[in-house]
Amino acid sequence: MNVQVIPSQAFADQKPGTSGLRKKVTVFQQPHYLENFVQSIFDSIDVPKGATLILGGDGRYYNREAIQIILKMAAANGFGRVLVGQAGILSTPAASCIIRKYKTFGGIILSASHNPGGVDGDFGIKYNTPNGGPAPEKITEAIFEKSKSIQRYKMIAAPDVPLDVIGETDLAGMKVQVIDAVADYAELMESLFDFNAIKDLLASGFRMKFDAMHAVTGPYAQEIFIQRLGAPADSLMNCVPLPDFGGGHPDPNLTYAHELVEIIYGENAPDFGAASDGDGDRNMILGKGFFVTPSDSLALIAANARMVKGYAKGIAGVARSMPTSGAVDMVAKSLDIPCFETPTGWKFFGNLMDAGQVTLCGEESFGTGSSHVREKDGLWAVLFWLNILAIKRQSVEQIVKRHWLQFGRNVYSRHDYEDLPLDAANGVIEHLRSNFSALVGKSFGQYTIQECDDFSYTDPIDGSISTKQGLRVLFTDGSRIVFRLSGTGTSGATLRIYLEAFEPDTSKHDLDAQIALSEMIKIALQISELKQRTGRDTPTVIT
Ligand code: G1P
Ligand code: ZN
């Protein structure tokens, strides 16, 4: 084998964020940049000789080039086989499914998730462990440490491997197997949900619209909704994956999925709308003229899980990230099952799922999933909703409002301030943190602050501790405001303000969240001194 040891110099900025290393494409295109990071992964995980790796990405710009580099490095670093999604494509949940199904030594996923793509867009890479989930912090920290002192990487000299046709190629003794990116995943979905019931629903005149946002789930949606469930072709939109997502921002929320939102709030709207993000792990759920918050969606899935084939035996427990609303906590209480509160990021759910302590997990950021894989899963959530709708035969809005009637409503919104100067954003957090003791006991109209803290988490399974995971301002009536800086951006800083108030009074359940939360929004601006410190008091994205 023609292994080359290529001298290199370390880059100081290869610290993985909330979900892997994300940078501008142009950063990844620098000589040795991707190679250094990949070698740092391989040097951190003790690759057993002949191990199998999964490799694929969301198809964004630079995906193919990166795959060829990683294949040649995998061959030089002792892997015996790499399974690659056809054309280099794998959705994040499909990659997790395949790692688990074929019991491989983990996988490398190339994605910057919901960030824009293209020549000037973002690219990303992360390593998932053999359980199929994102590497936990102890591994991502080890990778970062290696990346700071790396001096060489290993690669073989060989021509590129064909990726478009299913089959096997020999790459200097390592087997490269190009696999169907969709089949294993579709089969797993069919094992969890009652496809016949959903077929009947779709044949009954029920209309749906799924928006793949020109990202990775297009081919998955085609196979599942059209081929297997018999939905008419016009149930899908933007289902051809493009390297730049058609110039859009593949983030399924009310702001960026506006094309779908206009249809679902327009005349002759379909009964159900859904969208997923760049790499297929996020979801947005809509009914005719009605938006389901991701926190409510998680709670509803938990409350109705038993009626769905794959969860008929009941769920062991639930977990949500700290900024996610407490709606699911109410359901857990009524089901008498444990509910865990973790830091932001799917990697914190892995241990709980591996230990069998939780079945369902979710984040307010449009991420929902279960222990069927170790990633959040966009199409899984859409199918879960379709399965519930097929059984209940009520509208999405009816189902949500009946849920609120039973459990109360956690009125919720997240305000994002994108592209803030880094110093100003850090200044806001520092200001709040240093003001904690002055804030406790302070009243603002009907609201009084009971407690403030900096969220930290001790993993109940392995005891690892994660600190500084978001500032919480808790009010005496159970409302709260959370402040957190994003860990997935590639330029400037994004401040996220999460607002939540519990509303047991059913007569107020129809209120728009922005109106119901207007007092809290003012308090958030006042105590953070946002306007003075950043010049801004209007969020760029509201979800
Ligand atoms: C965001 C979301 C977080 C999610 C992550 C990856 O991270 O807020 O819930 O796990 O993307 O999809 P953030 O940018 O807030 O660090
Ligand atoms: Zn994603």
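All values derive from a computational prediction rather than experimental measurement. Only heavy atoms go into these numbers, but all of them, side chains included; no hydrogens, no water, no symmetry mates. All ligand and atom numbering here is 1-based and tracks the order in the structure. The first residue in the sequence is number 1, and the count goes up from there.
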**OP:** Measure the shortest side-chain to side-chain distance between M213 and F245 over non-hydrogen atoms and say whether it is less than 4.5 angstrom.
**Re:**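 Not in contact.
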Subject >> Sub-4.5 Å side-chain heavy-atom contact between I125 and I70 >> reply: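 Of all side-chain heavy-atom pairs linking I70 with I125, at least one is under 4.5 Å.
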[atom] [closest protein heavy-atom partner, distance rounded to 0.1 Å]:
atom                    : result
atom 7 (O) of ligand 1  : T488 CG2, 3.5 Å
atom 10 (O) of ligand 1 : E363 OE1, 2.7 Å
atom 11 (O) of ligand 1 : R282 NH2, 2.9 Å
atom 8 (O) of ligand 1  : R414 NH1, 3.6 Å
atom 12 (O) of ligand 1 : K376 NZ, 2.8 Å

Give the atoms of ligand 1, by number and element, whose distance to some non-hydrogen atom of [X] is under 4.0 Å.
X    : value
G487 : 13 (P), 14 (O), 16 (O)
R496 : 8 (O), 13 (P), 14 (O), 15 (O)
G345 : 10 (O)
S365 : 2 (C), 3 (C), 4 (C), 8 (O), 9 (O)

Original post:
When the aromatic ring centroids of Y185 and Y220 are compared, is their separation below 6.0 Å?
Top reply: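 For Y185 and Y220, the ring centres are under 6.0 Å apart.
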Original post:
In terms of the angle between their ring planes, are Y457 and F348 parallel, tilted or perpendicular, with boundaries placed at 30° and 60°?
Top reply: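 Judged by the thresholds at 30° and 60°, the geometry between Y457 and F348 is perpendicular.
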Original post:
Mind checking whether F291 and F366 have parallel, tilted or perpendicular rings, split at 30° and 60°?
Top reply: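 Answer is tilted, since the angle falls between 30° and 60°.
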Subject >> Over-ring placement of K347 relative to F349, 6.0 Å and 45° cut-offs >> reply: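 Output no; distance or angle outside limits.
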**OP:** Just to the nearest 10 degrees, tell me the angle at the Zn ion (ligand 2) spanned by S113 OG and D277 OD2.
**Re:**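 If I round to 10°, I get 90°.
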Original post:
Are any of the heavy atoms in S321 under 4.0 Å away from ligand 1?
Top reply: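 Contact absent.
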Original post:
For ligand 1, is there an atom lying under 4.0 Å from some heavy atom of E375?
Top reply: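 E375 does not count as a contact of ligand 1 under the 4.0 Å cut-off.
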Original post:
So, are E259 and K209 salt-bridged, with charged N and O less than 4.0 Å apart?
Top reply: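 Result for this pair is no, no salt bridge flagged.
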Original post:
Should R320 and E363 count as an ion pair when the cut-off is N to O under 4.0 Å?
Top reply: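 Between E363 and R320 there is no salt bridge, as every charged N stays at least 4.0 Å from the carboxylate O atoms.
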Original post:
Got a sec: is D58 within less than 2.8 Å of the Zn ion (ligand 2) via an N/O/S atom?
Top reply: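 Coordinating: no.
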Original post:
Of all N, O or S atoms in D279, which has the smallest distance to the Zn ion (ligand 2)?
Top reply: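 Of all N, O or S atoms belonging to D279, OD1 is the one nearest the Zn ion (ligand 2).
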